[in-house]
Amino acid sequence: MYNFKAVEKKWQKKWDDEQTFKAVTGEKKPKWYGLIEFPYPSAQGLHVGHPRSYTAMDVIARKRRMQGYNVLFPIGFDAFGLPAENFAIKNHVHPKIITQQNIDNFTRQLKSIGFSFDWSRCINTTDPEYYKWTQWIFIQLFKKGLAYKTTMTINYCTSCKVGLSNEEVVNGKCERCGGEVIQKEKSEWMLKITEYAQRLIDDLDEVDFLDRIKAQQINWIGRSEGAEVEFKIKESDDSLRVFTTRPDTLFGATYMVIAPEHKLVEKYKDRITNFKEVEKYQKEAAKKSDFERTEINKSKTGVELKGLKAINPVNNKEIPIWISDYVMASYGTGAIMAVPAHDERDYAFAKKFKLDIIPVLKPDDPDFDIEKEAYIGDGIHINSEFLDGLNKEEAIEKIIAWLEKEKIGEKKVNYKLRDWVFSRQRYWGEPIPMVHCEKCGWQPIDEKELPLTLPEVKEFEPGEEGESPLASHPEWFETTCPKCGGKAIRETDTMPQWAGSSWYYLRYMDPDNNKELASKKALKYWNQVDWYNGGMEHTTLHLLYSRFWHKFLYDIGVVPTKEPYAKRTSHGMILGPNGEKMSKSKGNVINPDDMVNEYGADTLRVYEMFMGPFDQTAPWSIESIRGCSKFLDRIWKMQDMLVDDDNYSPEHEKMMNKAIKKVTNDIEEMKFNTCVSTFMEMVNEFVKDKKITRKEFRDFMILLNPFAPHISEEINENSKLGEPLAYAPWPTFDEKLTIDDMINLPIQINGKLRATIDVAKDLSQEEIKKIVHENEKVQKLIEDKNIVKEIYVPNRIYNIVIK
RNA sequence: GCAGAUGUGGCGGAAUUGGUAGACGCACAGGACUUAAAAUCCUGCGGACUAAUACUCCGUCCCGGUUCGAUUCCGGGCAUCUGCACCA
């Protein structure tokens with residue numbers, strides 16, 4: 001009986017002791033860098049979702065080593081974050097302590113599954129020697145004008161007195177205490193990712209990301225072309241700028257809408273005759289999230305700014321100005337011109353508040369009724385003076401030329417992407433290495449002083465007004481200005497968790513360097529991550545943020561490549577046995593420790609690869625994992641039928657060549673489930689014939705090794721098949737031997753299968769035709785019928801069309 | 001709402017990308033071994049009609065189209081899942 005517990009421990013110890021999977025910078029072999037998203041070390045320990053992605057990359061990494069590559073396959077911990085801090089607040093334990101415990105537990109768990117990580121390069125984002133460089137990058141961003149301070153609204157719990165993430169806000173209430181959440185103004189550090197928007201789109205051309213990942217990033221960045229147009233405010237020197245993708249519909253603009261937070265409201269509060277009402281609306285809007293505000297089928301709300309009017313620049317008509325929460329301060333200019341005749345949201349708003357609707361496009365459908373709905377389609381312009389009779393493209397071109405000539409607008413590209421809010425009012429994050437001096441303004445600290453470490457404190461509660469916990473430690477924040485030497489105050493906000501994960505793949509290249517984030521030599525040698533696998537949910541944040549940082553580092557000459565990741569793939573989520581997302585409250589959580597204890601690491605690995613297509617969600621099945629365990633037992637028992645022969649046996653030669661081909665290719669396409677079923681078919685075949693030669697077994701074990709490294713090494717050693725498998729050369733196949741000489745050819749009549757015949761491969765149509773027509777069944781079915789035509793797809797199908 | 005995906009037996013899924021739908025595994029049923037059970041091994045397993053592994057018909061979410069032939073391509077619809085910027 002196979003004793004997985006002892007065997008797995010034995011090989012894991014050996015790999016550890018011998019540092020089997022250590023990557024050597026500068027080695028002559030071709031390099032290959034495989035990356036998985038490093039985990040957040042939560043108190044719950046590893047989730048069964050982690051080993052899915054990790055096993056997949058481990059399979060590829062192990063295969064690459066066998067194919068002769070110098071492989072870098074590292075692991076680390078993304079250890080700053082809210083849960084540790086919340087735990088610290090509640091239990092008065094330093095987050096450092098709980099984080100270390102969690103990391104130890106994760107390490108134990110990861111090692112128990114036998115991943116071929118290079119543990120000597122393990123990193124931890126909360127280590128000052130690591131975050132020193134996160135802070136260093138921030139200072140460089142600041143120096144290049146890409147970090148700036150601005151006021152932003154954040155979610156703020158009025159009873160905990162703390163800033164909240166969107167996720168912590170549930171139905172407008174604080175997730176922790178149920179207190180009321182409001183939008184509070186805060187001065188925050190921002191990073192100008194928008195400056196890189198175009199390059200983040202363009203450079204997708206040079207990387208190999210799944211199409212849906214590219215599409216999602218492009219949509220997230222949301223480039224749109226249009227124009228900015230200036231609307232004068234009547235009886236004032238101010239004007240409202242709007243961005244529109246349809247400047248050609250300007251003649252149909254019958255009112256304007258600005259975001260409730262728009263600065264103009266405050267400025268003109270004396271002229272707004274219904275300011276009380278306006279103020280009330282602003283307060284209500286502040287309670288809603290962006291998501292609630294932009295929901296299209298909710299009914300539109302808004303308040304007119306009475307006493308203010310705007311002038312439509314194309315016809316000098318006076319139009320009213322409204323505030324409404326469907327307009328976002330953060331997108332475009334925070335103001336829109338409304339063309340209700342041709343925009344659904346504007347139409348709904350105009351109907352509700354009885355505003356003018358002027359069609360400026362002639363519908364294609366003559367029965368179209370503008371009284372009933374907005375016309376969204378294209379058409380020839382009407383009611384538009386000098387644009388009349390033009391189509392969309394012509395009209396856009398003409399109006400932009402006109403706007404530019406009259407100096408009331410210009411062509412403009414707008415992006416949905418917003419700048420990155422980089423401040424957190426939290427303790428457990430990298431301190432932002434900035435100092436504020438009355439005289440000199442914001443100054444970065446001297447780079448020689450890095451890392452700026454977190455002070456050792458006992459309490460982690462936020463301040464009265466929602467300031468960072470660091471703000472209650474004057475001994476830490478009182479300092480001197482690096483420029484003038486006068487009194488100055490440190491920034492007390494910390495960085496978001498995204499910071500440390502935006503560049504961690506670079507640190508793996510040279511993790512112990514205390515002079516640079518990584519040496520030039522290491523950066524040049526490892527160059528780029530060759531293959532990065534991670535969750536689809538990180539596509540628009542982490543993946544985009546790290547591409548942005550990488551491009552910046554490229555611009556300042558730190559890294560040699562424009563893009564961090566040459567290839568990006570994604571895995572699907574694992575659901576609970578009931579088909580729902582695993583969660584403690586639903587009681588459907590599967591613990592990887594239990595699986596390793598009960599079935600062993602190899603079974604867990606094989607099952608996770610077998611459970612379904614790698615890129616799709618899959619529910620856990622308690623019964624199916626047992627099937628994988630049984631499968632490995634059957635392989636172990638195959639040692640009893642070993643035949644002392646250093647060749648393939650004639651009856652297995654084709655199968656071996658086919659299997660090597662299939663597994664070799666399927667791993668590259670991440671079709672791990674079909675690799676495992678290929679292994680199962682092989683076992684069925686060997687067991688049926690009750691024999692396996694030494695060479696067959698050896699090659700089979702090499703193919704299996706990336707999936708089930710422990711049992712394959714043990715069988716290889718136990719049955720004396722050869723050298724250890726970790727660096728054994730990957731088997732090759734002979735294309736000729738993957739093709740069968742005889743084929744089973746289906747015969748269809750009118751597209752329906754009626755018979756099959758066994759014929760030699762590559763017969764000509766004439767030869768096949770003869771055999772087909774001799775077939776009794778075929779004769780019966782075609783007698784008295786007219787043969788219209790006969791189709792032969794060589795080695796695929798023979799179809800007779802009859803009437 | 002916006003964006004991205006998915007839909008095939010009782011279940012997870014396979015199908016060389018337009019060519020025998022259901023590989024492989026699970027569950028289930030029958031048998032062998034056993035005093036018995038577990039484990040293991042063998043057989044069957046989409047549905048209907050059947051004595052039948054003879055025939056025949058239906059069948060890859062729904063409706064329509066292209067084709068000798070559609071799970072695969074096109075148009076329209078329905079359902080489910082994921083993300084939405086301070087969750088990691």
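Here is the naming used below: chain letters follow the sequence lines, and residue numbers restart at 1 for every chain.
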Relative to its sugar, using the 90° cut-off around 0, the base of B/A54 is syn
### Test item: side-chain donor near acceptor, A/His773 and A/Glu790, under 3.5 Å
yes
Answer for the Watson-Crick or wobble partner of B/U50, both distances under 3.5 Å, is none
Looking only at B/G19, B/C58, B/C86, the nucleotide nearest the A/Lys752 side chain is B/C58
Under a 3.5 Å limit on both distances, the Watson-Crick or wobble mate of B/U40 is B/A32
Quick note, A/Thr617 side chain, CB onward, closest among B/G19, B/C81, B/C58 is B/C81
| NA contact type, A/Phe38, heavy-atom cut-off 4.0 Å: base, sugar-phosphate, or nothing? | nothing
Nucleotide by nucleotide, nucleotides 22-29 of chain B touches protein heavy atoms under 4.0 Å in the pattern (B base, S sugar-phosphate only, - none) -BBSSS--
Is the distance from OP1 or OP2 of B/A88 to the nearest side-chain N or O of A/Gln497 less than 4.0 Å?
yes
Pairing partner of B/G83, by Watson-Crick or G-U wobble and under 3.5 Å for both distances, is B/C2
* When all nucleic acid strands are considered with a 4.0 Å heavy-atom cut-off, which category describes A/His542: base, sugar-phosphate, or nothing? -> nothing
- Query: Going by modelled atom types, is there a donor-acceptor pair between the base of B/U20 and the side chain of A/Asn744 at under 3.5 Å?
  - Reply: yes
- Is A/Pro613 touching bases, backbone alone, or none of the nucleic acid, heavy atoms closer than 4.0 Å? sugar-phosphate
Re B/U66: Watson-Crick or G-U wobble partner, both distances kept under 3.5 Å, found to be none
Across the strands shown, which category fits A/Leu417 at heavy-atom distances under 4.0 angstrom: base, sugar-phosphate, nothing? base
